[in-house]
Undergrad: 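Structure below; questions to follow.
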Amino acid sequence: MSNFGETKKIVKYIIIGAVAGGASTAARLRRLDEHAEIVIFEKGQYISYANCGLPYYIGNVIKDRNKLFVQTATSFAARFNVDVRVSTEVTAINPSVKTVSAINLLTGEEYTESYDKLVLSPGASPIRPALPGIQIEGIFTVRNVGDTDYIKGYVTESKPQKAVVIGAGFIGLEMAENLHELGLEVSVVEMGNQILAPVDLPIAAIAQKHLREKGIQLHLNTAVTGFEKEDDHLKVQLQDKAALDADLVILSIGVRPDTKLAENAGLKIGQAKGIWVNEYLQTSDPDIYAVGDAIEYANPISGQPTITFLAGPANKQGRICANNLAFGNNQKYNGSINTAIVKLFDLTVGAAGMAVKHLERNKIPHLTATIHGNSHAGYYPGAQLMTIQIAFSPENGQLLSAQVIGGEGVDKRLDVLSSVIKNKGTIYDLIEFEQAYAPPFSSAKDPVNMVGFVSENILLGGLKVIECSKLDSVEANAALIDVRTPTEFAGGTIEGAVNIPLDEIRNRLTEVPTDKPLHIFCQQGMRGYLAQRILVQSGFRNVTNLSGGYLLWKTYKDEMEQAEAEVL
């Protein structure tokens with residue numbers, strides 16, 4: 001970017017969409033080119049607002065509505081000298097003559113505007129399926145400020161007692177928590193067999209247990225078939241199940257990229273049904289670029305076309321797009337690994353990269369490791385347990401995914417793991433990671449280091465693990481050995497297990513079967529690993545350790561049984 005700040009020909013940019021990607025593009029363009037003519041079209045009333053904060057405004061965590069706005073149209077126009085046209089919808093793009101057709105939604109005025117370069121940032125639209133009764137009052141989506149105002153007003157005026165949230169993704173669960181905090185009885189209906197699709201079931205099971213303990217009613221493997229109004233209350237009809245009563249329904253089924261303008265303009269739509277862009281965020285028309293929720297690009301891990309509905313990547317794309325517009329295509333966008341995090345009452349859940357189930361679906365070779373660790377030194381008061389699961393390449397240890405769940409400190413571990421994934425680092429980077437250590441903040445061997453150590457043992461063949469989800473399908477003649485203390489064993493174990501405590505195992509080797517596979521487990525995994533090492537070096541060959549220990553298995557097993565009971 002050696003021409004940063006140089007005087008050049010005045011260029012007219014039109015940007016369609018003024019939330020994360022569009023607003024970021026405009027602000028960066030102005031910083032790079034004081035003389036450019038920049039026009040933003042936004043069909044809504046607001047620009048540059050915090051979508052991710054909307055559930056917390058509804059739940060009164062954010063009390064001041066104005067805090068949701070990074071900039072208003074007026075302040076943005078004044079600061080960046082940008083022509084901001086809100087409540088104005090672009091109805092067509094005419095690439096052959098480089099104009100757009102627009103309509104002022106307040107006055108009805110229709111006109112055309114020319115451009116030299118165009119940026120599409122149309123975002124995505126919430127899915128609102130054509131179910132019977134879906135237009136009944138009290139059924140809402142949560143996508144923009146207008147949606148939020150409707151819900152806020154409805155809650156204030158109607159004082160609902162029961163809410164049903166349809167969809168158990170990030171936004172749906174944030175809404176469930178916030179409505180619960182307002183005093184509503186909340187049910188979550190999810191068609192899939194777990195909440196939070198980006199994470200694997202064993203991690204989701206921990207979150208599901210927590211939500212149930214907080215009073216959220218989960219209905220998994222459940223499809224909604226329609227809605228009815230009965231005595232001023234809503235009835236949410238379910239397939240093969242009794243209807244749920246509701247005063248308020250939140251649709252959080254998902255979103256789809258808004259590609260209508262691009263399609264009508266003849267721009268290429270990709271395999272994932274998003275606007276196709278190259279590595280410079282340039283569409284099939286060289287004078288039109290695109291950013292945000294509507295674009296598709298190659299996933300950095302699988303190489304497959306993908307779409308990301310996250311504010312962070314959209315903002316970064318806006319900056320890169322502006323750089324390429326101002327200086328020519330000289331900065332590549334390397335894609336998103338979909339790093340995301342959510343607060344669920346007292347738990348935090350985060351993920352980056354591709355979940356194990358998605359790696360399996362894409363036939364990407366991988367190994368997994370799961371550990372439990374403390375948020376800071378265990379001897380310092382207030383340490384909270386977290387669970388980390390990672391997946392990595394069996395060839396070179398490259399980190400492919402990370403999932404973290406727990407209380408304090410989940411976010412900073414996820415950020416570290418995400419950075420390693422993004423930079424194509426390996427488990428050895430986790431082993432050598434240097435954290436800021438003092439007892440209130442971490443441990444001498446941080447959970448990030450520990451999951452690296454475990455992964456190295458697996459990669460080098462010193463540790464063979466079995467996932468809790470695979471334990472039910474092990475060999476019929478396999479032996480289960482619980483190496484916890486007799487007290488722990490008496491408090492609950494896996495059916496068929498024999499108790500040989502770790503500290504006694506060297507003296508009780510004759511009790512260990514030599515003619516069958518051995519599956520060892522303890523509470524969290526460490527004692528099982530130590531027992532495995534003793535057994536392997538004592539001549540036992542087919543020995544595996546239960547990944548995540550009895551703690552993870554029990555939660556997973558209980559949730560699977562709960563889901564089965566709900567189906568029946």
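Computed from a predicted model, the values in this text were never measured in an experiment.
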Undergrad: Can T222 and K241 be counted as having a side-chain donor-acceptor contact under 3.5 angstrom?
TA: yes
Undergrad: How about E213: does its CD atom have over 12 heavy atoms from other parts shown lying under 6.0 Å from it?
TA: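 Check passes, neighbour count above 12.
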Undergrad: Looking at W553 versus Y550, is the centre-to-centre ring distance below 6.0 Å?
TA: yes
Undergrad: Check whether the side chains of K357 and Q194 place a donor and an acceptor atom closer than 3.5 Å, and report yes or no.
TA: yes
Undergrad: Check P198 against A351 and note the closest heavy-atom contact, atom names and distance.
TA: O-CB, 4.3 Å
Undergrad: Do H519 and T544 have side-chain N/O donor and acceptor atoms under 3.5 Å apart?
TA: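 A donor-acceptor contact under 3.5 Å links the two side chains.
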Undergrad: So, for E559 and A205, which heavy atoms are closest and what is the spacing to 0.1 Å?
TA: CG-O, 3.5 Å
Undergrad: Would F140 and Y150 count as a ring pair (Phe, Tyr, Trp, His ring centres under 6.0 Å) if you check the C-alpha gap in whole Å, the side-chain angles of each, and the deciding distance to 0.1 Å?
TA: CA-CA 8 Å; F140 301 94; Y150 288 137; 7.3 Å; no
Undergrad: Return the minimal non-hydrogen interatomic distance between K162 and L184, and the atom names on each side.
TA: C-CD2, 4.4 Å
Undergrad: Quick one: pull up CG in L211 and CG in L347 and give me the separation to the nearest 0.5 Å.
TA: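 It is 8.0 Å, given to the nearest 0.5 Å.
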Undergrad: Hey, would you say the Y280 and Y333 ring centroids sit under 6.0 Å apart?
TA: no
Undergrad: Got a donor-acceptor contact below 3.5 angstrom from the S252 side chain to the G172 backbone?
TA: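 Indeed, once roles are kept as given, a pair shorter than 3.5 Å links the two residues.
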Undergrad: On a heavy-atom basis, which atom in P202 and which in L552 lie closest, and how many Å separate them?
TA: O-CD1, 3.8 Å
Undergrad: Could you verify whether a donor N or O on one side chain and an acceptor N or O on the other, from T368 and E467, lie under 3.5 Å apart?
TA: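 Looking only at side-chain atoms, E467 and T368 do form a donor-acceptor pair, the distance falling under 3.5 Å.
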Undergrad: Can you give me the closest heavy-atom contact between V451 and A369, atom names plus distance?
TA: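 Heavy atoms of V451 and A369 come nearest at CG2-O, 4.2 Å.
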Undergrad: Check the pair Q384, N374 against side chain to side chain donor-acceptor pair (under 3.5 Å), reporting the backbone distance first and the verdict last.
TA: CA-CA 5 Å; Q384 298 178 23; N374 286 322; over 6 Å; no
Undergrad: Only one of I520, L546, T493, L471 clears side-chain contact (heavy atoms from CB on, under 4.5 Å) with L480; which?
TA: L471
Undergrad: Just jot down the side chain to side chain contact (heavy atoms under 4.5 Å, CB included) partners of A207, sequence neighbours excluded, or say none.
TA: I195, L344, V349, I405
Undergrad: Can you see whether N338 engages T308 through a side-chain donor-acceptor pair at a distance of less than 3.5 angstrom?
TA: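 Indeed, the side chains of N338 and T308 share at least one donor-acceptor pair under 3.5 Å.
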Undergrad: Just by distance, with hydrogens left out, do Q389 and D200 show a side-chain donor and acceptor under 3.5 Å apart?
TA: yes
Undergrad: Classify the side-chain pair E185/Q217 by whether it contains a donor and acceptor separated by less than 3.5 Å.
TA: yes
Undergrad: What heavy-atom pair brings I421 and A352 nearest, and what distance separates the two atoms?
TA: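 So the two residues come closest at CD1-O, 3.7 Å.
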Undergrad: N457 and K464: side-chain donor and acceptor closer than 3.5 Å?
TA: no
Undergrad: Looking at K235 and E228, does any basic side-chain N land under 4.0 Å from a carboxylate oxygen?
TA: no
